[in-house]
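In the text below, chain A, chain B and the rest are named by the order of the sequence lines, each starting its count at 1.
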Amino acid sequence: MEWTHTVTAVFLGLGCLFSLAGSVGLLRFPDFYSRLHAAGKTDSLAQMLILGGLLFVSPDWGVSARLAIIAVILFFTAPTATHAITKAARLDGLEPWTKEDANHE
Amino acid sequence: MRYLTFVLVLCGFYAVLSGQFHNSFLMAVGAGCIALIVFLGARMGIVDEESYPGPGVWLRALLYAPYLLWQVIISNIDVLKRVLSPSMPVSPRMVRVPYSTKTAFGTVTYANSITLTPGTVTVEVTDDGLLIHALTAEAADGLKDGSMEAQVKRLEGTK
């Protein structure tokens, strides 16, 4: 096995791990806003790890350049999308879930 | 000058995405698309100082990128830990954080960077502050020390 394959495997593995963590967080976190933390954050790193890992095995510069462009665009749009969804919830008057003690500070 | 850069960027984008240089029909269509995009961009008035800042901003952005990448990595490990721990130590809350970035570009970067950093998501941007949803009290306090704001202001060039 070439070293590039090893690097790709590690990157893809890490990407999957973070992606999975995001999905589990989506199910486990208590309310809408907290769930977005899990979903929105892990996406940005997971996609970079997966696309970055694929860079090492891309056949030519054209494919590499396209992968890099996708990664950069997703990096900018992911937090923007997260913000758009949160703001929509906020405008609809959704109150965030809080623990009892959080209000007594 | 800005239009020249715009056209060159679009040409580069075409070259990278298509990789087609031998088919004159495709080249013509590409040129047509570039002309149309430039026309629409001009009509929408988005070919301005903000879209094409001077070289200084690009250089400072290169300095800002590693800092942000590092924050993203910390943030993801943080989420991973909280998701996987059985007790799930979260105590979400809303906080309002003032900001002092001067340009729209700076404020957007700040808001998006907050979303990408550990335990915080920007909900709303108003004149008197950013409304932040924080997963924990520590995450909310971490923002108030202003280290990230200082980084963004350095990127903006107002500090």
Would [X] end up clustered with [Y] when hydrophobic side chains under 4.5 Å apart are linked, directly or stepwise?
X: B/Leu8; Y: B/Tyr3; value: no
X: B/Val7; Y: B/Phe13; value: no
X: B/Val125; Y: B/Phe105; value: yes
X: A/Phe11; Y: A/Trp3; value: yes
X: B/Val95; Y: B/Val121; value: no

Query raised in the report: Does a side-chain heavy-atom distance below 4.5 Å link A/Thr86 with B/His133?
Result: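 SC-SC contact between A/Thr86 and B/His133 ruled out.
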So how far is it from [X] [atom1] to [Y] [atom2], rounded to the nearest 0.5 Å?
X: B/Thr115; Y: A/Lys41; atom1: OG1; atom2: NZ; answer: 7.0 Å
X: B/Ile73; Y: A/Phe18; atom1: CD1; atom2: CZ; answer: 8.0 Å
X: B/Leu135; Y: A/Phe29; atom1: CG; atom2: CZ; answer: 5.5 Å

Query raised in the report: Which residue out of A/Ala78, A/Ser34, A/Gly62 racks up the most heavy-atom pairs below 4.5 Å with chain B?
Result: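 Looking at each option in turn, the highest pair count goes to A/Ser34.
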Query raised in the report: Measuring heavy-atom distances to chain B, does A/Leu17 have an atom under 4.5 Å in its side chain, in its backbone, in both, or in neither?
Result: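 Both backbone and side chain of A/Leu17 come within 4.5 Å of chain B.
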Query raised in the report: Tell me, side chain or backbone of A/Thr82 under 4.5 Å from chain B's heavy atoms, or both, or neither?
Result: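 Side chain only.
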**Report entry** Among B/Leu84, B/Thr120, B/Asp78, residue most engaged with chain A (heavy-atom pairs, under 4.5 Å)
**Finding:**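 Among B/Leu84, B/Thr120, B/Asp78, the one with the most close pairs to chain A is B/Thr120.
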**Report entry** Of B/Val79, B/Leu116, B/Ile77, B/Asn76, the residue whose pairing with A/Leu45 passes side chain to side chain contact (heavy atoms under 4.5 Å, CB included)
**Finding:**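 Only match with A/Leu45 under side chain to side chain contact (heavy atoms under 4.5 Å, CB included): B/Asn76.
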Report task. Counting only heavy atoms closer than 4.5 Å, note whether B/Leu17 contacts chain A via side chain, backbone, both or neither. Result ->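 Both the backbone and the side chain of B/Leu17 come within 4.5 Å of chain A.
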**Report entry** Nearest non-hydrogen partners of A/Arg90 and B/Val123, listed with the distance
**Finding:**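 For A/Arg90 and B/Val123, the tightest heavy-atom pair comes out as CB-CG1, 3.6 Å.
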